[in-house]
There are 2 protein chains.
Amino acid sequence: MNMNTNKHIDVALELLKESPLKVTNQRNDIIRILFKNGNCHFTAEDVHCEVQKLGLNISLATVYNCLNQFTKHKILKSVKTSCDKIYFDTNVTSHHHFFCKTTSQLIDIDSKNIKFSKLPKIPGGKKLQSVEVVVNITD
Amino acid sequence: MNMNTNKHIDVALELLKESPLKVTNQRNDIIRILFKNGNCHFTAEDVHCEVQKLGLNISLATVYNCLNQFTKHKILKSVKTSCDKIYFDTNVTSHHHFFCKTTSQLIDIDSKNIKFSKLPKIPGGKKLQSVEVVVNITD
DNA sequence: ATCGTAAATTAGAATTATTCTAATTTAATG
DNA sequence: CATTAAATTAGAATAATTCTAATTTACGAT
Ligand SMILES: [Mn+2]
Ligand SMILES: [Mn+2]
Ligand SMILES: [Zn+2]
Ligand SMILES: [Zn+2]
């Protein structure tokens, strides 16, 4: 059972408080939904469905606003896959993903389980931002 | 100057003939546009703009149909990036990409310039389909 | 060459995820 | 409590892509 305190939720709420974002009921509720099960991947619709299931009245626009603001302020990060929806990731540390094309499910790959022995030279005048590995799998 | 023969175009036209797809004027024209400059990355809109520029009358729906059919039959492949459009790639061999977020431009990374010294175990019951690396860069 | 038919093309409508608009409400500060 | 910038909201708008259904075309068989 969920105890009344949850480390992941508390850490995220603390990040929210430390950010320049205002602490609203909607943001509190959304953070509780997102972080209640530790590292997870969600679409905006997933979050909105959960909001409804809990009987909360938060508009889809607010869900999008929150997810985007949280991403901008490093409380979440976003992941693009070969499917057409944006996934939001509660794990903001540097890591990679399996993407199962059958189930449209993202699975974390810990950074220590992917190592490069060779990386290409960055094109002249550009600077490196991130290296993203997606290992596509099927059933 | 472009000679009247072009290796890349000829190879792609040959793949089209060998495929179960019918050889139509539209497919011929689109292949000539796609492959005239060797390895390239295009959105459907890019292709349709070029179609218009050449005074060809091919509908956007047909451009999408062709690109999707070509992808299904391995004449093209598609690449997803952090931007919201699908890119089609004339290089169907296994390789990776730089994606410049400033210019929304894809640049090929030859397979031999990325090597892994460690890859994660595939989750039970699933099978590996592909490993895609995107190196995000900015100006 | 002509025919028959499945596949391809097309214009425009529909869909889907996401963002925008502009009116209203709220959080946080003094 | 008053002020005000930020957040929320419903609904409209946008943008990429797909779908629909009518028409045309490719191409193997006659
Ligand atoms: Mn849902
Ligand atoms: Mn264009
Ligand atoms: Zn993740
Ligand atoms: Zn490429």
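Just so we're on the same page: letters track the sequence lines, and every chain starts at 1.
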Tell me the interatomic distance from [X], atom [atom1], to [N], atom [atom2], rounded to whole angstroms.
X: B:Phe70; N: C:dA8; atom1: CZ; atom2: P; answer: 10 Å
X: A:Glu18; N: C:dA28; atom1: CD; atom2: C1'; answer: 18 Å
X: A:His48; N: C:dT16; atom1: NE2; atom2: C1'; answer: 16 Å
X: B:Asp29; N: C:dT10; atom1: CG; atom2: C1'; answer: 16 Å
X: A:Gln69; N: C:dT19; atom1: CD; atom2: C1'; answer: 13 Å
X: A:Lys17; N: C:dA28; atom1: NZ; atom2: P; answer: 11 Å
X: A:Lys80; N: C:dT18; atom1: NZ; atom2: P; answer: 8 Å

Query raised in the report: Can you name the residues that form a salt bridge (charged side-chain N to carboxylate O under 4.0 Å, His left out) with B:Glu50, not counting sequence neighbours?
Result: B:Lys36, B:Lys53
Query raised in the report: Are B:Glu18 and B:His73 side-chain neighbours, meaning at least one heavy-atom pair lies under 4.5 Å?
Result: no
Report task. Consider only side-chain N and O atoms of B:Thr43 and B:Asp46, and report whether a donor and an acceptor are under 3.5 Å apart. Result -> yes
**Report entry** Test item: side-chain donor near acceptor, A:Asp110 and A:His95, under 3.5 Å
**Finding:** no
**Report entry** Proximity of B:Phe42 and B:Tyr87 rings by center, below 6.0 Å
**Finding:** no
Query raised in the report: Does a side-chain N or O from A:Thr62 land closer than 4.0 Å to OP1 or OP2 of D:dT8, or not?
Result: no
Report task. Determine: side-chain N/O of B:Arg27 to OP1/OP2 of C:dT9, distance under 4.0 Å, yes or no. Result -> yes
Query - More than 12 heavy atoms from other groups under 6.0 Å of CG on A:Asp139 - result: yes
Requested in this report: Going 5' to 3' through nucleotides 14-29 of chain D, assign each nucleotide B (protein heavy atom under 4.0 Å from a base atom), S (under 4.0 Å only from sugar-phosphate atoms) or - (no protein heavy atom that close).
Outcome: --SBBB------BS--
